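Quick notes on the structure that follows.
Everything numeric in this text was worked out from a predicted model, so none of it was measured.
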Amino acid sequence: MNERIPPAPPKQAWHTQTVEAATAALQSNLTQGLSSDEAAMRLETYGRNALKEQGGRSPWQILWEQLTATMVIILIVAAVVSAFLGKWLEASAILAIVLLFALLGFFQEWRAEQAMQALKQLAVPNVRVRRNGRIQEIAAPELVPGDMVVLEAGNLVPADLRLVEAFNLRIQEAALTGEAEAIEKVTEPLTGEDLPLGDRRNFAYMGSTIAYGRGTGMVVATGMQTELGNIAGLLQRESNEQTPLQKRLDQVGKVLALAGIGTAVLVAIFGLWRGQPLVDVFLTGVSVAVAVVPEGLPAVVTITLALGARRMLARNALIRRLPAVETLGSVTVICSDKTGTLTENRMTVTVLDVAGHRLDLNEETNDVGQALYQANGRNATAEPAIRLLLLGGGTL
């Protein structure tokens, strides 16, 4: 049954093919679309058109990672030994520090794991497609390669599409390509298999927005096979590499563990040489080993990093792993795309200057009216020229 569906050509080849060749490759029909039976078979073969969580960490995995750090293991051992020696107060204090360390790290990293949800919000709930020769509205996850999708201004693109019709069609792709302006689309094949995504003007990508015009696109990739799905996969990719801070803390933990054991052995040897009872020598050695452990170090480090992560979150920078805060402190140069990543692709008024009156607006708000009352501690409505400007602009 699945043999009727040909293997999809390489992604980079779609934009180089004519509309007819692409349609024939996916055994679709420009006017009729797919039949319901064919769509059902393809859905079984290619899967649902949805971003999937893969390789993400479960809450238990995140918590386990917090509890298996070298310093935390040493603290747990110290707490157990303290309890064994009858020092319940010390044992309770150490366990409280371990709990604080684990919970702070857990909540920070679990919140960062939810970044996947932001990409899922770009998915489209319903979409209009051409099936069985007529326009139908279906759930976007039911889209399959070969479907003919009807596009209109204001729509979110539900999958990666090879455009087959474009009437004054412009698509806003800033979130994917970083291009600030809406791209005018065409249907003709393009030359160059390695064209950047932003130059593939006969394509519409999942998560982008139809800014103007209308058109029709043939689905060539769905779900995790789309460019947005590729980003989601990169976001969820597991990395076992430790940050410099984690490496240093692990080294400190190992050094302290060896130092504690060495000190305990020396104390025991010295006690036995002096003829002290074996039990007393053992308890003294263990007590010295526990005393070597800096119980407050993990708590201080975690609280400091959590405060740093909190300040960065207030500036819209989400830290996925808490120790990465310290690593960012060593960064001197950051290379990044701008539009749609560092910026919102939205113009913002920052200064009003008219008839000799100047007003610097509050950068933390996009509401001009609200900013007027906050800027420079003045009531800007007292300036007739500025008020007239705002009235002309429709703000007041």
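Note that OH of Tyr205 and CD1 of Ile231 are 11.0 Å apart. Values are rounded to the nearest 0.5 Å. Note that CD of Glu137 and CG of Asn126 are 4.5 Å apart. Values are rounded to the nearest 0.5 Å. Note that OG1 of Thr187 and CE of Met218 are 12.0 Å apart. Values are rounded to the nearest 0.5 Å.
Side-chain N or O atoms of Thr226 include none that pairs as donor or acceptor with a backbone N or O of Thr222 at under 3.5 Å. A donor-acceptor pair is defined here as one N or O able to donate and one able to accept, closer than 3.5 Å; no such pair exists between the side chain of Glu142 and the backbone of Val144. Using modelled atom types, no side-chain atom of Asn49 and backbone atom of Leu143 make a donor-acceptor pair closer than 3.5 Å. Remark: the backbone N or O of Glu188 is paired with a side-chain donor or acceptor of Asn202 at under 3.5 angstrom. Side chain of Arg42 to main chain of Pro145: a donor-acceptor pair is present (N/O by atom type, distance under 3.5 Å, no hydrogens or angles). Under a 3.5 Å cut-off, the side chain of His15 and the backbone N or O of Gly192 do form a donor-acceptor pair. No donor-acceptor distance shorter than 3.5 angstrom exists from the side chain of Arg131 to the backbone of Gln136, with no hydrogens or angles considered. Between the side chain of Ser208 and the backbone N or O of Glu173 there is no donor-acceptor pair closer than 3.5 Å. Put simply, the side chain of Arg162 never gets that close to the backbone of Thr23: no donor and acceptor are under 3.5 Å apart. Without hydrogens or angle criteria, Asp160 side chain to Val220 main chain gives no donor-acceptor distance under 3.5 Å.
For the residue pair Ala182 and Ala211, the shortest heavy atom distance occurs at CB-CB, 3.9 Å. The shortest non-hydrogen separation linking Asp194 to Arg200 is C-NH2, 4.4 Å. Closest approach of Met206 and Gly223 over heavy atoms only: SD-O, 4.5 Å.
When hydrophobic clusters are built by joining Ile, Leu, Val, Met, Phe, Trp and Tyr residues whose side-chain heavy atoms come closer than 4.5 Å, directly or via intermediates, Val19 is grouped together with Trp14. Hydrophobic clustering (ILVMFWY, side-chain heavy atoms < 4.5 Å, transitive): Val150 and Val164 are in distinct clusters. Hydrophobic clustering of Ile, Leu, Val, Met, Phe, Trp and Tyr side chains at less than 4.5 Å, counting indirect connections, keeps Val186 apart from Leu163.
Contact check for Glu44 versus Met41: no side-chain heavy atoms found under the 4.5 Å cut-off. Residues Phe203 and Leu161 fail the side-chain proximity criterion, which asks for heavy atoms closer than 4.5 Å. Using a 4.5 Å cut-off on side-chain heavy atoms (C-beta onward), Asp147 and Val127 make no contact. By the 4.5 Å heavy-atom criterion applied to side chains, Arg128 and Val149 are not counted as neighbours. Counting heavy atoms from C-beta outward, Asn155 and Thr209 have side chains that stay 4.5 Å or more apart. Inter-residue side-chain proximity for Thr45 and Leu43 is flagged as unmet; no heavy-atom pair is nearer than 4.5 Å. Counting heavy atoms from C-beta on, the side chains of Ser28 and Met148 come closer than 4.5 Å. Taking the side chain as every heavy atom from C-beta outward, Leu169 and Ile210 approach each other to under 4.5 Å.
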Item to check | Residues Leu195, Leu190; criterion side-chain contact (heavy atoms from CB on, under 4.5 Å); working and verdict | outcome: CA-CA 9 Å; Leu195 279 179; Leu190 304 174; 3.9 Å; yes

Next on the checklist: For a side-chain contact (heavy atoms from CB on, under 4.5 Å) check, start with the C-alpha distance between Gln32 and Arg130, then their side-chain angles and the critical distance, and finish with the verdict.
Outcome noted: CA-CA 7 Å; Gln32 299 295 315; Arg130 188 173 292 137; over 6 Å; no

Item to check | Arg214 vs Leu151, side-chain contact (heavy atoms from CB on, under 4.5 Å): CA-CA, chis, key distance, verdict | outcome: CA-CA 5 Å; Arg214 59 188 178 87; Leu151 304 172; over 6 Å; no

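Between Thr216 and Glu165, the side chains place a donor N or O and an acceptor N or O closer than 3.5 Å (distance only, hydrogens not considered). A donor-acceptor pair shorter than 3.5 Å can be found between the side chains of Asn132 and Ser36.
Taking the centre and axis of the six-membered ring of Tyr212, the NZ or CZ atom of Arg170 falls outside the cone set by 45° and 6.0 Å.
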